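Just below is one structure, and these are the notes that go with it.
Each ligand, and each atom within it, is numbered from 1 in the order the structure gives. Just so it is clear, the structure is predicted and the values come from calculations on it, not from any experiment.
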Amino acid sequence: MPLYSVAKQAAARAYVPYSRFPVGAALRLKDGSLISGCNVENASYGLCNCAERTAIFSAIAQGKQAADFDSLLIYMPGETLYSPCGACRQVIVEFFAPDAEIFATCDSGLCKHWKVNELLPGAFTLD
Ligand code: THU
């Protein structure tokens with residue numbers, strides 16, 4: 001199933017009683033397998049978890065290796081294209097290679113993409 005469809009299906013499972021803004025993410029591994037995630041909100045707003053981090057944390061929890069992470073696609077509803085938040089960018093830097101591609105899509109069919117090192121130049125790492 002295409003990355004876009006997996007991300008869009010994941011958005012349908014989002015827990016978003018506060019923003020009503022369902023987001024889906026699809027993480028592609030180098031063997032072609034996909035792991036999805038959706039945003040999960042909380043009455044304590046600061047504890048909301050974005051779709052990208054859900055997908056990444058799920059992959060790690062399933063025993064996938066960061067070295068096998070190939071790319072990540074984010075699906076957001078509506079006609080406006082957004083980019084990942086700062087928290088997600090830091091988590092993306094932790095697990096994806098600097099030249100890995102991150103994609104953002106929405107219902108308008110627009111798509112933007114960045115290399116990880118474009119999303120967070122000069123990122124804090126302990127490498
Ligand atoms: N959100 C994502 O899940 N991914 C993004 O790239 C941007 C924003 C969600 C939407 C809403 O749940 C908000 O973050 C809550 O922190």
Side-chain angles (χ1 to χ4, degrees):
M1 185 184 293
L3 217 52
Y4 175 84
S5 306
V6 169
K8 187 164 186 177
Q9 282 186 4
R13 299 190 289 269
Y15 174 74
V16 288
Y18 308 106
S19 72
R20 300 279 178 226
F21 188 70
V23 181
L27 191 162
R28 186 180 188 280
L29 298 169
K30 288 178 179 167
D31 67 2
S33 60
L34 304 176
I35 293 177
S36 62
C38 62
N39 48 333
V40 179
E41 296 182 345
N42 192 287
S44 176
Y45 290 172
L47 297 180
C48 291
N49 201 62
C50 295
E52 302 91 312
R53 281 177 282 146
T54 300
I56 293 167
F57 297 159
S58 176
I60 295 297
Q62 291 179 47
K64 307 301 180 186
Q65 302 298 311
D68 296 329
F69 289 9
D70 177 73
S71 55
L72 182 69
L73 181 139
I74 311 153
Y75 162 80
M76 294 187 199
E79 305 296 310
T80 307
L81 205 52
Y82 297 95
S83 59
C85 75
C88 287
R89 294 178 190 218
Q90 182 65 39
V91 172
I92 287 168
V93 161
E94 184 72 23
F95 294 108
F96 284 85
D99 63 346
E101 292 277 2
I102 307 300
F103 301 89
T105 61
C106 63
D107 288 327
S108 71
L110 286 172
C111 181
K112 278 184 79 170
H113 61 93
W114 308 265
K115 291 200 180 301
V116 169
N117 58 20
E118 292 170 333
L119 275 179
L120 195 59
F124 171 76
T125 64
L126 291 178
D127 289 346

**Study point:** Backbone or side-chain N or O of E52 under 3.5 Å from ligand 1 N or O
**Key:** yes
Practice item. Evaluate the ring planes of F21 and Y82, with Trp represented by its six-membered ring, and classify them as parallel (under 30°), tilted (30 to 60°) or perpendicular (over 60°). Key: perpendicular
Check your understanding: Does the pair R28/D70 count as a salt bridge with the N-to-O cut at 4.0 Å?
Key -> yes
Practice item. Would you mind listing which atoms of ligand 1 come within a distance below 4.0 Å of any non-hydrogen atom of N39? Key: 3 (O), 9 (C), 10 (C), 11 (C), 12 (O)
Point to revise | Polar contact flag for M76 and ligand 1 (N/O pairs, less than 3.5 Å) | key: no
Check your understanding: Which of the atoms in ligand 1, numbered in the order shown and given with their element, are less than 4.0 Å from a heavy-atom of C50?
Key -> 1 (N), 2 (C), 3 (O), 4 (N), 9 (C), 14 (O)
Exercise for review: Would you indicate whether Q65, at its atom CD, is surrounded by more than 12 heavy atoms from other residues, nucleotides or ligands within a distance under 6.0 Å?
Suggested key: no
Exercise for review: Measure C48 to ligand 1 on non-hydrogen atoms and call it side chain, backbone, both or neither using the 4.0 Å cut-off.
Suggested key: side chain
Practice item. Report the relative orientation of the aromatic rings in F69 and F96; use parallel for angles under 30°, tilted for 30 to 60°, perpendicular for over 60°. Key: tilted
Practice item. Check whether the side chains of T125 and E94 place a donor and an acceptor atom closer than 3.5 Å, and report yes or no. Key: no
Practice item. Pull out every atom of ligand 1 sitting under 4.0 Å from any heavy atom of E41, numbered as shown with elements. Key: 11 (C), 12 (O)
Check your understanding: Measuring from the heavy atoms of P84, does anything fall under 4.0 Å of ligand 1?
Key -> yes
Exercise for review: Indicate yes or no for a side-chain donor-acceptor contact from S33 to the backbone of L29 under 3.5 Å, with no hydrogens or angles considered.
Suggested key: no
Point to revise | Nearest non-hydrogen protein atom, atom 3 (O) of ligand 1 | key: A51 N, 2.9 Å
